[in-house]
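Notes for the one structure printed next.
Quick caveat: nothing in here was measured; it's all calculated off a predicted structure. Hydrogens, waters and symmetry mates are skipped; everything else that's a heavy atom, side chains included, is used.
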Amino acid sequence: MGGEDEYDTYESDSFQEDNMFWDVELEEDEQEETREVASVVLSASAHSIRVTEALRDGDCLTFIVISQKLSGTGEYHVDRTYEDFEWLHQHLLAQEEVPGLQGVIFPPLPVRPQVNASAKVLKQLGFLAIGNDWKTYCVALETYLQQVAAHTKLSKNKAMEIFLTSSEPPGRQKMRKGIFNRLSQAMEGMRKEGHKDVDEFFQTERLNNLTMTGCTKSATESFLDVVLAEQKIAVACGHLSTSLHLFVENGEDPDTQAFSKICVKISEVIDSMKKNLVSVADNNVSTLGQGLDLESRYQEAVKEMLFRRTCKLVELETASRNAERAKPIKKAAMEEVKKAAEKEFVAISGVAKQEIAQFQALRVVMLRQALIRWCETQLHTAKESHERYSQHLQAFREMGQ
């Protein structure tokens with residue numbers, strides 16, 4: 001990494017810019033709005049939150065969000081766009097008053113949905129783009145909201161209460177992207193990601209996360225290829241089943257009648273094959289596909305958290321060196337900067353360890369549930385297909401008698 005001297009030129013103030021991890025600059029009035037979002041007790045049940053459907057208006061999607069009131073007196077019904085979800089996520093990230101916030105593994109918000117998207121965007125969406133009704137994407141948003149609402153720190157943000165209960169769309173922050181800020185972050189990221197950690201626990205977690213991120217991404221993409229292949233074969237079966245009817249002829253010739261009858265029966269068999277493939281593909285998407293997609297996005301969220309902590313570690317090490325080398329007139333001020341950085345780093349590390357432990361337990365539960373649902377749905381589909389194929393076999397036997 002070029003040795004310690006590489007960081008000696010950095011003053012503690014310069015690291016305040018590096019900590020803008022979400023690459024968003026808020027306008028002055030928007031910053032004030034963020035500070036005004038106080039801590040509250042959520043009035044809706046976390047497990048009752050549902051994103052029931054996506055309504056399309058041109059190229060815009062509106063999602064219907066329903067949640068049960070804790071008082072038991074009814075439900076909240078609100079409609080939200082993706083910009084509203086971004087508004088919520090931004091407020092969760094901007095809670096400067098929450099100690100150790102940068103050690104939180106933020107539930108991953110799905111990639112922005114796009115109607116009539118390019119192949120590149122569809123590849124980024126993966127399983128979430130499959131289907132015409134955006135049902136899979138609604139489930140992903142639903143999972144995001146449930147996990148935010150169940151989080152002990154994030155659920156207390158008033159923005160979550162506003163998002164779930166307000167009949168009016170929440171204030172949508174204007175995000176001004178800064179290309180120079182992004183470039184500087186990219187260069188800093190390349191350097192800091194390889195910075196050796198002082199804590200063996202986090203060094204091991206970073207290495208494990210690097211492996212898991214690659215493996216889960218590869219597994220998700222490979223499973224998606226399987227689903228897409230099943231869908232293509234199902235379409236081909238549909239075409240073949242329809243084409244066989246072209247050979248059916250009406251006539252009194254016994255051979256023609258026999259041949260037509262065989263074509264109809266084979267068409268029915270191939271149509272059953274099509275239905276089976278469609279069901280298998282749908283099962284793959286709604287169970288293991290969603291599980292792998294969520295696992296992949298969560299591994300990226302863990303990676304982001306570990307990177308934020310590494311940046312704070314570099315900041316602390318720089319503050320320590322500045323304090324050691326400071327002239328007597330600046331010694332006291334540099335010591336205060338060091339103490340503040342150390343206090344924040346300790347808080348982040350403490351929260352991060354708790355988050356990692358909770359995530360490791362949660363990911364096992366999520367993947368196990370996805371695998372169980374996958375096996376159950378595929379077994380049910382196999383039984384239905386077996387029954388249909390048995391009926392077709394019996395029909396062919398009767399034809400030969």
Derivation and outcome, side chain to side chain donor-acceptor pair (under 3.5 Å), residues Q147 and H151 = CA-CA 6 Å; Q147 291 174 341; H151 196 282; over 6 Å; no

message = Is there a side chain to side chain donor-acceptor pair (under 3.5 Å) between N276 and E384? Walk through the geometry before answering.
response = CA-CA 9 Å; N276 176 67; E384 289 184 338; over 6 Å; no

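- Judged purely by distance below 3.5 Å, without hydrogens or angles, the side chains of Q95 and H91 never pair a donor atom with an acceptor atom.
- Judged purely by atom type and a 3.5 angstrom limit, S267 has no side-chain atom pairing as donor or acceptor with the backbone of C263.
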inquiry  = Using side-chain contact (heavy atoms from CB on, under 4.5 Å), reason through M160 and S155 one step at a time and then give a plain yes or no.
reply    = CA-CA 6 Å; M160 187 62 180; S155 62; 5.5 Å; no

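- Ion pairing between E355 and K153 fails under the 4.0 Å rule for side-chain N and carboxylate O.
- Within 6.0 Å of CG in D253 there are more than 12 heavy atoms belonging to other residues, nucleotides or ligands.
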request  = Would you please test V364 and R368 for side-chain contact (heavy atoms from CB on, under 4.5 Å) and show each step?
outcome  = CA-CA 6 Å; V364 171; R368 182 172 60 220; 4.0 Å; yes

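- Around NE2 of H77, the count of heavy atoms belonging to other residues, nucleotides or ligands within 6.0 Å exceeds 12.
- Note on ring orientation: taking the six-membered ring where Trp is involved, the planes of F63 and F85 are perpendicular (angle over 60°, cut-offs 30° and 60°).
- Residues L313 and V198 meet the side-chain proximity criterion, which asks for heavy atoms closer than 4.5 Å.
- Salt bridge R363/E295: present, at least one basic N to carboxylate O contact under 4.0 Å.
- For the side chain to side chain donor-acceptor pair (under 3.5 Å) with Q299, the lone residue among N209, T211, N208 that qualifies is N209.
- For the side chain to side chain donor-acceptor pair (under 3.5 Å) with Y76, the qualifying choice from S43, S166, S48, S67 is S43, the only one to do so.
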message = L294 vs T143, test: side-chain contact (heavy atoms from CB on, under 4.5 Å). Steps then yes/no.
response = CA-CA 9 Å; L294 183 59; T143 301; 3.9 Å; yes

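- For E142 (side chain) and V51 (main-chain N/O), a donor-acceptor pair under 3.5 Å exists by modelled atom type.
- Figure legend: R80 and F163 shown as a cation-pi pair, the cationic atom lying under 6.0 angstrom from the six-membered ring centre and within 45 degrees of its axis.
- E317 and H195 share a side-chain donor-acceptor pair at under 3.5 Å.
- Between F106 and H89, the two ring planes are perpendicular [angle over 60°; tilted spans 30° to 60°].
- The aromatic rings of Y137 and W134 sit perpendicular to each other, their planes meeting at more than 60°, with 30° as the lower class boundary.
- You'll find the side chain of S241 stays beyond 4.5 Å of the side chain of I266, heavy atoms only.
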ask   = Given R308 and I348, is the side-chain contact (heavy atoms from CB on, under 4.5 Å) satisfied, shown in steps?
value = CA-CA 9 Å; R308 292 194 296 267; I348 292 172; over 6 Å; no

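- Remark: F247 CZ is loosely packed, at most 12 non-hydrogen atoms of other residues, nucleotides or ligands lying under 6.0 Å away.
- The two residues L277 and E230 make their nearest non-hydrogen contact at CB-O, 4.1 Å.
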task = Take D199 and S349 through the side chain to side chain donor-acceptor pair (under 3.5 Å) test and state the conclusion after the steps.
result = CA-CA 10 Å; D199 190 324; S349 298; over 6 Å; no

